[in-house]
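A, B, ... follow the sequence lines: proteins, then strands. Residue 1 opens every chain.
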Number of protein chains: 2
Amino acid sequence: MLVDVDNRKKARAGRPRGFDAEEALEQALIVFWRQGYEGATLTDLTEAMGITRTSMYAAFGNKEELFRRAVDRYTEGPGAYVARALEEPTARAVAAALLNGAVRATTRPGYPTGCLGVQGALATGAPGRRAHDVLTAWRNYGGSCVADRFRRAVAEGDLPPGTDPDRLARYLTSVSYGISVQAASGIGRDDLQQVADTMLLNWPPATFA
Amino acid sequence: MLVDVDNRKKARAGRPRGFDAEEALEQALIVFWRQGYEGATLTDLTEAMGITRTSMYAAFGNKEELFRRAVDRYTEGPGAYVARALEEPTARAVAAALLNGAVRATTRPGYPTGCLGVQGALATGAPGRRAHDVLTAWRNYGGSCVADRFRRAVAEGDLPPGTDPDRLARYLTSVSYGISVQAASGIGRDDLQQVADTMLLNWPPATFA
DNA sequence: GTGGTACCGTACCGATCGGTACTGAACTGG
DNA sequence: CCAGTTCAGTACCGATCGGTACGGTACCAC
């Protein structure tokens, strides 16, 4: 496969693509989000994307690659609150942004409830193993970023000395994932916000060894 | 279909069943647990159960019914800690039993990681909708039982007056579901126990307003 | 024994799975 | 214009999906 080094506006030879790949990916993302990797069939996906199977395979490779691309888009779109949260100036603000962001992202009107990173491929058969691994890595990477952020907070005196940043990060992300599961169960935004608020009211939690 | 009113030891006419239905159900439970409803094929299930498709359909009806039976067995087996937790004498003991039970059940050696009730059918396509609904109801029922237990605790003065039992239950179950997701991500038992311990160290959480 | 009944295994069902070969059509560079 | 390239739609691929028809077998009541 030739690498398209110059992928700017310069028109390539041949018939130009007849659909917006980003918009199509957005629709695929929504299907994966609502139905999970295994529950989303090629027919479901391409119908939502408004293109044929052939066009999908030409543009994205295969179902697995499409899923990967959808996860990337999710990370930069509905899941972007995570990266933004990590840039907050204090550990408390990080926790608040993460929890409030989770509540909003998992109950966004017009979008599926819950979190793609949680429900996209939590338990799968053999054909979905790759997707499962992708999301497991996605979750664990996110958790490690939070841990790193808290490590810095401890070093900066922003968190009590002796705080275990890994433990605190795991606790925080657990609540975040719990919110996602509750959202997928149909719990409303206000009730989930109470969960987030409850955690923030008790922040930072005692964690003495 | 005739209802088998007298299903006790009295031998029915015809050739007796050549396998242990309970043991077969246990194996099916494990497959559903690890692969989810949609990810578990009839071939996966029957091979694990050690019986043919015909025997499975004769004994359990169809895949959906088998899943329901597996969920029931899960509730009475690995998930029995929930019912036991609700019988603890204090709200704190309830929370401790629930969290410790979740940690142990989701990281049981020889069993799949995570919780069947969470990962069995969190996001599905149309064919898995029933399974999805079954587990959503399962989770919400469990949550309502915890809320009822906390309502009693408030009435008994076991929790601070003004405590919102629904809110507290949602918070607790969220952490429990979060533990399940983390377990499915491969987080080990010790690390998950820290999550449970962290919550218990901060119990009961402040929930004013 | 004999008839009736339920279990078991094979072999198969239509439908759908993810993925592709092939045929034109639409465009660019020369 | 023409040659070369890429896109799109149809029609199809083998494999597998959940589910079943059917014939043989093992057991019970009588």
Subject >> Rounded distance [0.5 Å steps], CG in B/Asn202 versus CE in A/Met199 >> reply: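 Rounded to the nearest 0.5 Å, the CG-CE separation comes to 8.5 Å.
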Subject >> Rounded distance (nearest 0.5 Å) linking atom CZ of A/Arg73 with atom CD of A/Glu26 >> reply: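 Reported to 0.5 Å precision, the distance equals 4.5 Å.
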Original post:
Going by modelled atom types, is there a donor-acceptor pair between the base of D/dC7 and the side chain of A/Arg15 at under 3.5 Å?
Top reply: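 Side chain to base: pair present.
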Original post:
Any side-chain N or O of B/Thr43 under 4.0 Å from OP1/OP2 of D/dT16?
Top reply: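 Result: no.
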Original post:
A/Asn62: what forms a side chain to side chain donor-acceptor pair (under 3.5 Å) with it, not counting sequence neighbours?
Top reply: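 Side chain to side chain donor-acceptor pair (under 3.5 Å) list for A/Asn62, sorted by chain: empty.
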Original post:
Who passes side chain to side chain donor-acceptor pair (under 3.5 Å) against B/Thr124, sequence neighbours left out?
Top reply: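 Scan of B/Thr124 (side chain to side chain donor-acceptor pair (under 3.5 Å), adjacent residues dropped) gives none.
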**OP:** Flag the pair B/Phe150 / B/Trp203 as yes when their ring centroid distance falls below 6.0 Å, and as no otherwise.
**Re:**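 Between B/Trp203 and B/Phe150, which both carry aromatic rings, the centre distance is below 6.0 Å.
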Specify the separation, in whole Å, of atom [atom1] of [X] and atom [atom2] of [N].
{"X": "B/Asp20", "N": "C/dC8", "atom1": "CG", "atom2": "P", "answer": "12 Å"}
{"X": "A/Asp44", "N": "C/dG18", "atom1": "CG", "atom2": "C1'", "answer": "13 Å"}
{"X": "B/Leu42", "N": "D/dT20", "atom1": "CG", "atom2": "P", "answer": "10 Å"}

Original post:
Could A/Arg108 and A/Tyr111 be counted as a cation-pi pair, given that NZ or CZ must be under 6.0 Å from the ring centre and within 45° of the axis?
Top reply: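 Yes; both conditions hold, so A/Arg108 lies above the ring face of A/Tyr111.
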Original post:
Could you go step by step and tell me if A/Asp191 and A/Gln182 meet the side-chain hydrogen bond (donor to acceptor under 3.5 Å, both in side chains) rule?
Top reply: CA-CA 9 Å; A/Asp191 288 338; A/Gln182 300 275 32; over 6 Å; no
[X] versus [Y], closest heavy-atom pair with distance:
{"X": "A/Ile179", "Y": "A/Leu192", "value": "O-CD1, 4.0 Å"}
{"X": "B/Val103", "Y": "B/Ala196", "value": "CG2-CB, 3.9 Å"}
{"X": "A/Leu122", "Y": "B/Val118", "value": "CD2-CG1, 4.0 Å"}

Subject >> Set of residues satisfying ring-ring contact (aromatic ring centres under 6.0 Å, His included) with respect to A/Phe19, sequence neighbours excluded >> reply: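 Scan of A/Phe19 (ring-ring contact (aromatic ring centres under 6.0 Å, His included), adjacent residues dropped) gives none.
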**OP:** Would you jot down, in residue-number order, the residues of residues 25-40 of chain B having a non-hydrogen atom under 4.0 Å from DNA chain D?
**Re:**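 Result for residues 25-40 of chain B: B/Ala40, sorted by number.
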**OP:** Specify the residues of residues 45-72 of chain B, ordered by number, for which at least one heavy atom lies under 4.0 angstrom from an atom of DNA chain D.
**Re:**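 Close to the strand are B/Arg53, B/Thr54, B/Tyr57, B/Asn62, B/Lys63.
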Original post:
Heavy-atom contacts under 4.0 Å between residues 126-134 of chain B and DNA chain C, which residues?
Top reply: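 Residues of residues 126-134 of chain B that come under 4.0 Å of DNA chain C do not exist, since none gets that close.
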Subject >> First encountered from the 5' end of DNA chain C, between B/Gly18 and A/Pro16 >> reply: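 Its nearest nucleotide lies further toward 5', so the answer is B/Gly18.
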